[in-house]
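Counting from 1, the numbers follow the sequence of the chain as shown.
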Amino acid sequence: MADIRPFLCIRPAEGKAAYDVYNRREAKAETEKNPDSFLKIDRAETQFDDSVDTYDDRVYKKAHDILWDMVGSGDFIRDGAPCYYIYELTMDGRVQTGLVACASIDDYEAGVIKKHENTRAEKEADRIRHVDACNAQTGPIFLAYRANAVIREIMGRAKEHTALYDFVSDDGIRHRVFVIDRAEDIARIRDTFIGIGEIYIADGHHRAASAVKTGKMRREQHPGYTGDEEFNYFLSVLFADEELLIMDYNRVVKDLGGHTPEEFLEQVRRIFDMEQLAQAENPQQNGQVCMYLAGTWYRLSIKDADRSSDPVEGLDVSLLQKLLLEPVLGISDPKTDARIDFVGGIRGLGELERRVNEDCAAAFAMYPTSIGELFAVADAGKLMPPKSTWFEPKLRSGLFIHEI
């Protein structure tokens, strides 16, 4: 039983939201170029010179002050009643549609909302301080569920109306937002989710964990809480599994562990069924990896004897790690080993070639992990290997704000 409820949304006037995956230098340049960028709230360190630490108390206070000054000035609109929203993203002609709502911290704690990654305390701490200082969640958690005909029908009908927002961001992604405000539709959506047994975190594990810990902190501060307060819920966009695109998350290694390219190639040939390719090529199916080494591409096929029915050990990224990266290259912990790096599939095979030609020794293009594999890992209560999934397009911060 999943409690996915409508919420009273604070949302921006046109053009006030920004894509937020930037380092500090990039974020500062973006806010200088666009003073209305939402980065000045989500990345408030951009409002200080570099002598002020990213995690300074003044940074979080500045985020709060800017947000609520903008609400007070009318730059953000506070809707009059709790609603659901539809968030549609179009990338390269492919449309992906999600439901904007609030999910329950109790469902997270009880395992109704399932996770597949561990989180790092320092990243959680930053988001906890930001949400607590702002008294609001400004970036949604990316959730997934198994497709449902009732929700699909209501969302499809709502998209026949005029969009609240319709714009193309600098990265070429089209964003459209619609509201679901009919009482009958709201009730049907909420009742339908109650009958859905599992919700999955697709992306945003740190934001989810931080929202839950902030909510629990607020409960301690309000011992008479009823469970209905907004701090018991966190901002989410929920996508049916059929809507989602998971891209490959590829690997590059800095050296060959003391082997010459010829020696390494011989080791690879013993482990995989291998064929040389005439040009750069992505894997065509599960169980294949394409390798770039010394100017040449190869297709590596995992042997049947090495496959596994275990939801984690059977993943291509797990098998590459187990069969090659650890025993041949000595990379035992890809989370901490500086000899391995990860390249999102959005960057293309050309980026893998560039890295090998400039600062790495070999690259491995992976077949994308499927949403079914992600669900299977989470259902088993296990964790995905690091950097297993790359979701595109990314959700935009600041389009929906949930006051807690």
Report the residues that fulfil side chain to side chain donor-acceptor pair (under 3.5 Å) with Asn135, sequence neighbours left out, ordered by chain and then residue number.
-> Arg218

Test side chain to side chain donor-acceptor pair (under 3.5 Å) applied to Asn118 - qualifying residues, sequence neighbours left out = none

Output all residues satisfying salt bridge (Lys or Arg N to Asp or Glu O under 4.0 Å) with Asp92, sequence neighbours left out; order by chain, then residue number.
-> none

Tell me, please, which residues at least two apart from Asp310 pass side chain to side chain donor-acceptor pair (under 3.5 Å).
-> Lys382

By ring pair (Phe, Tyr, Trp, His ring centres under 6.0 Å), which residues pair with Phe231, not counting sequence neighbours?
-> His222

Sequence neighbours left out, what passes salt bridge (Lys or Arg N to Asp or Glu O under 4.0 Å) with Arg146? Give chain and number order.
-> Glu198, Asp379

Which pairs, with at least one residue in residues 94-124 and sequence neighbours excluded, count as a ring pair (Phe, Tyr, Trp, His ring centres under 6.0 Å)?
-> His116-His205

Tell me yes or no: between the side chains of Asn148 and Thr192, is some donor less than 3.5 Å from an acceptor?
-> no

Return each pair, listed once, that meets side-chain hydrogen bond (donor to acceptor under 3.5 Å, both in side chains) where at least one residue sits in residues 314-325; pairs must be two or more places apart or across chains.
-> none

Tell me, please, which residues at least two apart from Gln221 pass side chain to side chain donor-acceptor pair (under 3.5 Å).
-> none

How would you list, by chain and number, every residue that makes a salt bridge (Lys or Arg N to Asp or Glu O under 4.0 Å) with Asp255, sequence neighbours excluded?
-> Arg339

Pairs where residues 363-385 contributes a residue and the test ring pair (Phe, Tyr, Trp, His ring centres under 6.0 Å) is met, not counting sequence neighbours = Tyr200-Phe375

Ionic contact status for Arg219 with Asp106, cut-off 4.0 Å = yes

Residue set satisfying ring pair (Phe, Tyr, Trp, His ring centres under 6.0 Å) with Phe264, at least two apart, ordered chain then number -> none

